[in-house]
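No experiment lies behind these values; they were computed from the predicted model shown. Atoms within a ligand are numbered from 1 in the order they appear, just like the ligands themselves. In what follows, residues are counted from 1 in the order of the sequence shown. Heavy atoms only: backbone and side chains are in, while hydrogens, waters and symmetry mates are out.
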Amino acid sequence: MTAQSAIFEPVPAHARHLFFDLNPTVHPRAALQALAAACDGRSAVLGVGVAVAQALAVSVTGLRGFPLLPDARPAIPVTQRALWVWLRGSEPGDLLRRGHALQALIAPAFRLTQAIDCFRHRDSRDLTGYEDGTENPKGAAAVDAAVVQGQGAGLDGSSFAAVQQWLHDFPAFDAMQRAEQDACLGRCRDDNKELADAPESAHVKRTAQEDFEPEAFVVRRSMPWVAGADAGLVFLAFGKSFDSFEAQLRRMTGHDDGITDALFSFTRPLTGGYYWCPPVAGNAIDLSALGS
Ligand code: HEM
């Protein structure tokens with residue numbers, strides 16, 4: 001059982017998220033096999049959307065599309081793609097060029113639909129200045145939270161990734177007093193301590209992983225992005241299923257108790273997709289659960 005190792009590593013200095021759609025006129029198997037051989041799970045993480053499994057006429061236990069939440073306030077967009085590749089490194093130019101090579105490798109079966117450049121901000125902070133990732137499970141707890149176990153070869157070692165691009169409204173954030181900003185997150189920006197009197201709408205109250213039944217632990221590897229005048233966070237969470245992320249998202253959007261996450265006062269998602277990240281065998285991704 002070997003998971004794609006980037007799941008357990010701190011976020012890199014730079015990253016590039018690539019999203020691909022299927023070309024319905026080309027069978028995807030050969031392109032997928034080439035891509036799997038080119039991804040090592042460390043510098044290139046591969047995630048497969050449900051459309052790929054459907055095109056191959058297989059089903060992967062637990063793999064589904066990003067949920068429609070018609071009652072969510074605010075609206076949560078669904079932009080499910082067929083494939084997701086997360087390139088990680090230290091040189092943005094190298095990531096761009098590596099992406100070009102992968103794009104060429106899997107054309108014309110897959111077409112690039114979106115690319116997002118990300119970077120680490122200081123000691124892994126969101127662009128609002130708050131440290132992100134503090135409550136991530138570590139060591140064996142991270143494996144338990146993020147990796148499929150006990151389901152057999154091909155599935156064991158795999159992981160389920162939720163990816164959302166969030167756009168920040170910096171003028172709205174900057175218009176708040178510091179106390180109000182801290183109350184949105186539920187943490188003090190200066191010392192990262194949880195606020196004793198955080199309101200129920202505070203982000204860390206909405207998502208407190210041990211407060212769900214069952215507990216909803218995930219391993220988050222979110223990173224800031226910027227493109228021209230727009231910027232925000234690419235939220236990325238790995239789970240042993242999509243259920244923990246989905247429980248958190250539902251609580252953030254008021255499904256449990258009508259209270260929405262105060263984060264929405266300064267940021268909103270633009271995209272959302274679910275991707276199954278196959279295990280690794282040797283130096284390449286193991287696609288045996290997809291029949292390859
Ligand atoms: C722009 C969007 C977001 C920002 C800026 C953000 C930022 C933060 C920050 C600063 C923390 C506190 C430190 C930490 O434990 O990491 C946090 C915690 C957390 N966030 Fe987010 N987050 C965002 C979106 C989301 C989404 C969409 C989810 C899941 C649906 C989520 C799940 C969590 C979880 C599980 C925790 C830890 C809660 C705990 O157990 O204490 N976040 N986030």
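- Counting atoms of ligand 1 from 1 in the listed order, those under 4.0 Å from a heavy atom of Q248 are 29 (C), 30 (C), 32 (C), 35 (C).
- Which parts of ligand 1 touch Y130 is read off a 4.0 Å heavy-atom cut-off, strictly below it: atoms 10 (C).
- Remark: ligand 1 and T134 share an N or O pair separated by less than 3.5 Å (distance only, no angle test).
- Among the atoms of V218, none of the N or O lies under 3.5 angstrom from an N or O of ligand 1.
- For CG of N283, the number of neighbouring non-hydrogen atoms (other residues, nucleotides, ligands) closer than 6.0 Å is 12 at most.
- Checked against the 6.0 Å centroid criterion, the rings of W276 and F242 do not qualify as a close aromatic pair.
- Checking side-chain atoms of D156 against main-chain N and O of G150 turns up a donor-acceptor pair under 3.5 Å.
- Around atom 21 (Fe) of ligand 1, protein N, O or S atoms at a distance under 2.8 Å total 1; waters are neither shown nor counted.
- The protein heavy-atom contact nearest to atom 2 (C) of ligand 1 is W166 CD2, 3.6 Å.
- With sequence neighbours excluded, no residue forms a side chain to side chain contact (heavy atoms under 4.5 Å, CB included) with P10.
- Heavy-atom proximity to Q164, at under 4.0 Å, picks out these atoms of ligand 1: 27 (C).
- The single protein non-hydrogen atom nearest to atom 10 (C) of ligand 1 is E131 O, 3.3 Å, given as residue, atom name and distance.
- If you check which protein heavy atom lies closest to atom 40 (O) of ligand 1, you get Q209 NE2, 2.8 Å.
- In this structure, R81 forms no cation-pi arrangement with W84, as its terminal cationic atom is not both closer than 6.0 Å to the ring centre and no more than 45° off the ring axis.
- Which parts of ligand 1 touch A208 is read off a 4.0 Å heavy-atom cut-off, strictly below it: atoms 39 (C), 40 (O).
- For ligand 1, the polar-atom distance check against N192 finds no nitrogen or oxygen pair separated by under 3.5 Å.
- Summarising the local packing, CZ of R178 is surrounded by more than 12 heavy atoms from other residues, nucleotides or ligands at distances under 6.0 Å.
- Environment of CZ in R189: crowded, with over 12 heavy atoms of neighbouring residues, nucleotides or ligands closer than 6.0 Å.
- By the 3.5 Å distance cut-off applied to N or O atoms, E135 is counted among the residues near ligand 1.
- Each of F238, F235, F212 was checked for a ring pair (Phe, Tyr, Trp, His ring centres under 6.0 Å) with F245, and the lone residue meeting it is F235.
- Closest to atom 16 (O) of ligand 1 among all protein heavy atoms lies G133 N, 2.5 Å.
- The one candidate from F264, F266, W225 that meets the ring pair (Phe, Tyr, Trp, His ring centres under 6.0 Å) condition with W166 is F264.
- Between the side chains of T134 and R187, not a single donor N or O lies within less than 3.5 Å of an accepting N or O.
- At least one side-chain heavy atom of Q165 sits less than 4.5 Å from a side-chain heavy atom of Q114.
- Each of the following atoms of ligand 1 lies closer than 4.0 Å to a heavy atom of F245: 29 (C), 30 (C).
- In this structure, H168 counts as a contact residue of ligand 1, since one of its heavy atoms falls inside 4.0 Å of the ligand.
- Relative orientation of the H17 and F19 rings is parallel, given thresholds of 30° and 60° on the angle between their planes.
- Each of the following atoms of ligand 1 lies closer than 4.0 Å to a heavy atom of D126: 5 (C).
- Heavy atoms of other residues, nucleotides or ligands lying less than 6.0 angstrom from CZ of R125 number more than 12.
- Which parts of ligand 1 touch T267 is read off a 4.0 Å heavy-atom cut-off, strictly below it: atoms 1 (C).
- At least one side-chain heavy atom of D144 sits less than 4.5 Å from a side-chain heavy atom of Q149.
- At a 4.0 Å heavy-atom cut-off, ligand 1 touches L185 through the side chain alone.
- R16 is listed as a side-chain neighbour of L96, based on a closest heavy-atom distance under 4.5 Å.
- Atom 4 (C) of ligand 1 has its closest protein heavy atom at L233 CD2, 3.7 Å.
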